[in-house]
Amino acid sequence: MSRAQKRAVRKVVVLLLFLIICFFFLAPYLWMVLISLKPKVDIYDPGKLLFVPTLENYRSIIEDAHILEYFKNSMLVSAVSTVLSLVIGSIAAYGFARFNWKDRENMAFMVLSQRMLPAMAIVIPYFLMAMFAGWLDTRKILVICYMLFNVPFTILMMRGFFEDIPLEIEEAGKIDGCSGWQVLKELIIPLSLPGLTATAIFCLINSWNEFVFANFLTSVKAKTVPTSVMLFLSVSGTKWGEMAATGVLASLPVIVFGIAVQKYMIRGLTFGAVKG
Amino acid sequence: MIKRYFKKKPYMTYIAPAMALMTVLTLFPTIFLWLISMTNYQLGWDLGRVKFVGLDNYIRLVSGRDPDFWNAVYISLKFMVITTAAEMIFGFLIGKLLCDSESRMKPIVFAVLIIPIVMTPSIAGNIWKLMLNAEYGIVNYFLAVLHLPRVTWLDADMAFTSVVLADIWQWTPFVALISYAGVCSLPTDQYEAARIDGGNAFQLFRYITLPSLRPLIFLAMIFRTIDSLKIYDMPFVLTQGGPGNSTEFLSLHIYRLANAQNGLIGRAAANAIILMMISSAVSKVLTYFQRKEM
Amino acid sequence: MKKRIFATVTALSMVILAGCGSSGQPAATQAPETTQAPQAETQAESQAETAAEEKTEEAAADVSTLEGWGAAVKEQLDGTKIVVSMASHPSTEAFQAMTDEFTDLTGIQVEWDVVEQTYLKNKQLLDFQGAHSYDVFMVDSFWNAEYGSKNVVQPLDDYLNDPEKTPEWYDAADLIPAYCDLGRYQGKTIGIPIAGETRFLAYRTDLFEKYDKKVPTTMDEFLELARFFNGKEDGLYGVALRAQRGIHFASGWLTTMYAFCDGMMDQKTLEPKIDDPGVVESLEWYLEMLKCAPPDVSTYTHEEALGAFMSGKTAMWLDATAIAAAITDPEQSAIYDKVAFAAPPDGPAGESAALADWNVSIPEGAQNPDAAWAFIMFMTSREKSLEYVENGGAATRYSIYENESLVEENPSFPAQLAALEKANGLVKRGLQWTPPHEQINQMLDIMGSYGSRAQAGEMTAQEACEKAQQDVLDLLGE
């Protein structure tokens with residue numbers, strides 16, 4: 001086989017592999033989109049790919065199930081918790097990045113281990129404490145819970161970004177007479193905007209998808225999109241169409257957003273360890 | 001005095017708010033959890049009925065009086081090992097493939113890989129449930145079209161595998177994207193030098209790729225082990241821990257004890273403490289190895 | 001035929017338990033043997049009471065009609081909003097269909113929170129612990145003892161006894177007493193029955209004709225038939241039952257348990273006896289039945305079981321009457337015209353059938369209990385009962401079973417009544433289908449877990465029952 005032939009074969013093999021990968025990872029999503037557009041009677045017939053698409057499922061979840069209430073709660077909770085976490089977390093990350101002290105790495109590990117807490121374990125005391133405080137079924141308790149994993153995440157990620165900013169820039173600022181806070185505000189934050197964006201995306205996604213806390217701590221007023229899956233279980237079977245429609249609506253914004261900021265996402269996934 | 005403290009430790013000004021918040025958010029609940037785990041509290045009880053029972057809840061767990069506990073520990077660890085290994089291997093291969101290729105499909109593959117990561121797990125779990133349905137699921141439909149035997153995916157023998165499959169679907173892309181970033185940032189000159197010295201592919205991988213990717217591999221591994229150890233949403237919607245106790249992971253066991261059907265909050269809390277101890281032990285071990293030789 | 005049905009209804013009304021009225025009579029739960037006598041009395045009594053109520057009605061004439069009552073309620077509660085926590089259930093859908101009318105009449109706004117029944121109790125108990133978001137609970141009769149002992153719901157006797165709040169057109173005496181009894185805890189009424197159910201058999205007439213089989217009358221015949229049909233045709237299985245681990249398995253097991261023994265609990269002392277040979281036998285029988293079910297039966301709740309039967313996968317089905325309407329609905333069922341119903345078969349221990357229902361209750365700490373009561377009045381009244389049943393609600397009133405046109409429309413009514421009669425047989429044996437124990441749900445969960453493990457082949461029925469007994473004793477000893 002000549003070199004050119006080898007190359008061609010290689011190319012075809014890679015292309016095939018890519019197609020398989022895409023198929024495997026995309027299939028459940030496509031299936032969901034398809035189900036959401038299928039009329040009820042066709043859902044139990046998987047082979048039927050030609051059908052008259054209907055938006056009935058979407059109408060039903062918006063008008064009958066009031067799914068937009070869930071979306072409103074999800075958005076508010078995710079947004080508020082993300083903003084708060086970014087502020088508190090970034091400041092701490094700056095401390096970790098710019099100062100050196102004896103227990104620094106131990107403390108950093110402590111932060112990391114908080115990100116690792118199993119939600120299912122910690123939700124029991126949260127439930128009881130929220131009960132005593134009278135905060136059950138409120139958005140604020142969810143905001144607080146989501147900060148539990150968003151703040152450590154922000155610290156870990158932003159630390160990497162801050163460490164990349166050359167010290168000289170800060171020193172130049174200090175010579176110009178800026179105070180520590182001013183340096184942070186005027187110089188560091190604008191420079192680390194890409195990092196903040198990446199962090200924000202992950203905080204938003206994590207809060208948007210969170211299920212355990214939302215399931216246990218809310219009942220009517222503050223319920224969020226992931227808990228809506230319970231709505232679609234009924235005596236006569238799961239309302240797959242409505243559930244799929246909710247899934248499409250819930251994931252569409254995140255997916256579009258995620259693809260748009262792909263580059264930051266990869267960086268975010270590696271905690272800034274790799275400059276994407 | 002406070003001022004002087006902050007003068008002496010200037011970093012405290014920055015990290016104090018976050019640390020204080022973290023303490024409130026985790027330390028208190030953890031202590032509280034310990035306390036509950038030593039009572040017989042049940043959901044809906046007046047506080048008057050609550051009794052202190054010492055370590056009884058723990059003894060019950062480990063002495064076999066809770067028949068599902070050891071099984072839950074076992075399958076949680078098994079699940080952790082299997083999914084982490086599979087996701088690391090497939091993820092790395094995909095990442096490598098992406099990095100080596102100059103195909104025009106690359107942006108599409110990236111876009112596709114992002115979808116499972118951002119999809120709400122509780123909803124994704126339900127879609128899997130529909131796809132894996134023995135009678136009207138698309139997976140069995142395809143098997144039938146290909147003249148392969150149908151599989152009852154969610155019965156006692158296959159449920160665990162199904163959850164593994166769904167987890168691999170959701171999290172391999174995560175590892176793939178990390179590996180992609182890592183592999184692509186490797187300096188090419190080292191490889192050329194090694195190739196000139198006559199190194200084969202395996203040696204290249206073993207002595208160049210692996211060491212330089214070490215931090216990233218550990219990072220991905222820590223995340224995957226811990227996240228799969230505490231998995232909840234996906235099996236909760238997919239199998240509810242059943243059939244039998246074949247997919248009752250620790251998180252689901254806690255749920256089964258604590259939810260209103262049983263409401264045994266005290267016992268569930270003891271279980272939760274054990275889950276916390278296992279996951280912090282695992283992450284301790286991994287971070288120890290990560291830091292060693294670095 | 002029709003005549004006979006009415007006769008049955010009347011006969012039933014004579015035998016089944018104590019009356020519902022507002023008499024405040026102690027519930028017959030503890031001593032069902034004595035029910036027959038006081039029961040007739042109560043009937044008479046409540047009639048007398050109705051007459052008495054009529055007199056008071058005249059004084060406050062404005063609530064004697066639905067419209068007048070609506071206006072009176074509107075005056076007080078216009079604009080109030082109540083939050084209703086219900087299971088996804090045909091009766092809930094029927095209520096929902098009637099909501100606009102209720103809001104127009106009374107000015108009370110209704111917000112629905114409808115979830116699947118597995119999660120419903122979780123939501124309600126969690127809410128009870130703090131948020132108090134709900135004004136009305138839909139409660140499974142399985143939970144009544146627990147809710148009663150934990151004070152999750154309020155006693156309703158004061159409402160029932162107040163003719164202003166419970167007007168004559170509501171007609172409490174028309175509610176089937178057996179169901180009312182399920183809504184009592186320690187003599188207090190804590191729930192109003194909305195969806196009564198017993199369990200009965202549905203079978204495929206086409207298959208039974210084709211193979212010349214008869215409707216089973218004993219558990220042995222039932223098992224034999226299940227074995228016969230299992231695999232008889234391509235993709236056909238014997239029977240659809242519930243077997244998902246935990247409460248679902250236990251509930252399915254309980255459906256036929258009393259055919260073999262007096263249950264897993266001594267109902268006088270409330271001592272568990274799950275390792276009783278009869279209980280073991282009943283589990284063995286149930287496991288044999290499950291072998292004739294579709295292979296993924298271990299994931300079945302009532303939903304999947306119903307779905308399997310309706311899609312024509314199984315020849316028989318034994319489950320709740322309340323969800324049976326779907327089977328004869330051409331839009332949902334593939335076998336709607338090839339099906340017939342029968343009372344559950346008898347076992348060695350005698351006649352038995354399930355008896356359970358859903359109640360509506362007012363949770364402790366409800367923000368608007370009066371509006372909640374108005375909602376209950378409207379939705380469960382005799383005035384609205386026809387509309388409710390036509391919208392798909394499950395009946396709990398005599399007047400429904402006696403309604404000729406409904407009987408004609410609903411082919412399963414005669415079998416439902418026959419099943420109710422068998423349920424009555426259980427009562428005659430001095431047993432209540434769900435033992436009124438505060439921790440009954442935890443016990444059923446334990447039994448359902450071991451049952452499911454026995455089904456998976458991890459242990460024998462004997463071992464499962466012994467272990468379950470051990471665990472239950474451990475639980476109660478806490």
Side-chain angles (χ1 to χ4, degrees), chain B residues 39-47 49-51 53 56-57 60 63-68 71 129 132-137 140 150-159 162 236-248 252-253 255-267, chain C residues 118-129 142-143 146-147 149-152 235 243-250 294-301 304 307-308 311 313 438-439 441-446 448-459 467-468 470-471 474-475 477-478:
Chain B
T39 68
N40 62 351
Y41 179 67
Q42 295 192 15
L43 192 63
W45 272 12
D46 307 330
L47 292 179
R49 286 175 78 173
V50 180
K51 266 193 307 205
V53 295
D56 195 47
N57 289 326
R60 184 189 308 278
S63 69
R65 269 196 290 161
D66 180 340
D68 297 319
N71 177 66
K129 192 176 172 186
L132 295 177
N133 186 293
E135 300 304 319
Y136 48 80
N140 269 358
R150 281 161 171 257
V151 179
T152 39
W153 290 99
L154 297 175
D155 74 359
D157 300 328
M158 287 300 291
S162 299
F236 176 74
V237 287
L238 202 54
T239 63
Q240 303 255 297
N245 53 11
S246 57
T247 54
E248 190 167 293
L252 276 118
H253 190 54
Y255 172 78
R256 195 165 73 84
L257 290 174
N259 86 79
Q261 181 61 36
N262 281 311
L264 300 163
I265 304 281
R267 286 196 206 172
Chain C
T118 323
Y119 308 112
L120 185 68
K121 189 177 169 211
N122 221 12
K123 270 210 154 178
Q124 292 180 343
L125 274 182
L126 293 186
D127 185 72
F128 163 69
Q129 295 267 304
F142 275 70
W143 312 338
E146 184 182 340
Y147 277 23
S149 77
K150 287 180 178 170
N151 295 319
V152 178
Q244 192 189 79
R245 175 186 190 212
I247 185 76
H248 293 286
F249 188 103
D296 54 345
V297 69
S298 56
T299 63
Y300 280 19
T301 68
E304 287 84 4
S311 61
K313 265 171 59 185
E438 186 200 336
Q439 286 178 295
N441 289 290
Q442 292 166 331
M443 292 180 210
L444 288 174
D445 189 68
I446 291 171
S449 317
Y450 282 110
S452 168
R453 286 175 71 173
Q455 198 235 335
E458 286 174 39
M459 52 179 74
K467 293 220 160 168
Q470 244 174 37
D471 274 22
D474 182 36
L475 173 85
E478 249 184 2

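Quick note on labels: first sequence line is chain A, next is B, and so on, each numbered from 1.
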TODO: Please identify each residue that fulfils salt bridge (charged side-chain N to carboxylate O under 4.0 Å, His left out) with B/Arg150, with sequence neighbours left out.
DONE: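 Listed in chain order: nothing, the list is empty.
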TODO: Using the test salt bridge (charged side-chain N to carboxylate O under 4.0 Å, His left out), find all partners of C/Asp296 that sit at least two apart in sequence or belong to another chain.
DONE: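 Result, salt bridge (charged side-chain N to carboxylate O under 4.0 Å, His left out) vs C/Asp296: none returned.
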Open item on the list: Using side-chain heavy atoms (C-beta onward) and a distance below 4.5 Å, is C/His248 in contact with B/Gln240?
Closed with: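 C/His248 does not reach B/Gln240 side chain to side chain.
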TODO: Side chain from CB out, backbone as N, CA, C, O: work out which of these in B/Asp157 comes under 4.5 Å of a heavy atom of chain C, or both, or neither.
DONE: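 Interface part for B/Asp157: neither.
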TODO: State the CG-CD distance between C/Leu125 and B/Gln42, to the nearest 0.5 angstrom.
DONE: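 One finds 11.0 Å between CG of C/Leu125 and CD of B/Gln42.
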Task: Point-to-point distance, once rounded to the nearest 0.5 Å, from CG of B/Asp68 to OH of C/Tyr450 - done: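 Separation between the atoms: 7.0 Å.
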Contacting region of [X] [heavy-atom separation from chain B under 4.5 Å]:
X	answer
C/Phe142	neither
C/Lys467	neither
C/Glu458	side chain

Quick one: of [options], who has the most non-hydrogen atom pairs under 4.5 Å with chain B?
options	answer
C/Lys150, C/Lys123, C/Glu146, C/Gln124	C/Lys150
C/Met443, C/Lys313, C/Gln455	C/Lys313
C/Ser449, C/Ser298, C/Ala308	C/Ser298

Between [X] and [Y], which heavy-atom pair has the shortest distance, and what is it?
X	Y	answer
B/Arg267	C/Asp474	NH2-OD2, 4.2 Å
B/Gln261	C/Asn441	NE2-O, 2.9 Å
C/Asp471	B/Arg65	OD1-O, 4.1 Å
B/Leu154	C/Thr299	O-CG2, 3.2 Å

Open item on the list: If we define contacts as heavy-atom pairs under 4.5 Å, which of B/Asn259, B/Asn245, B/Val53, B/Thr152 has the most with chain C?
Closed with: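 The answer is B/Asn245.
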- [ ] May I ask you to say whether C/Arg453 pairs ionically with B/Glu248, meaning some side-chain N is under 4.0 Å from a carboxylate O?
- [x]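 No.
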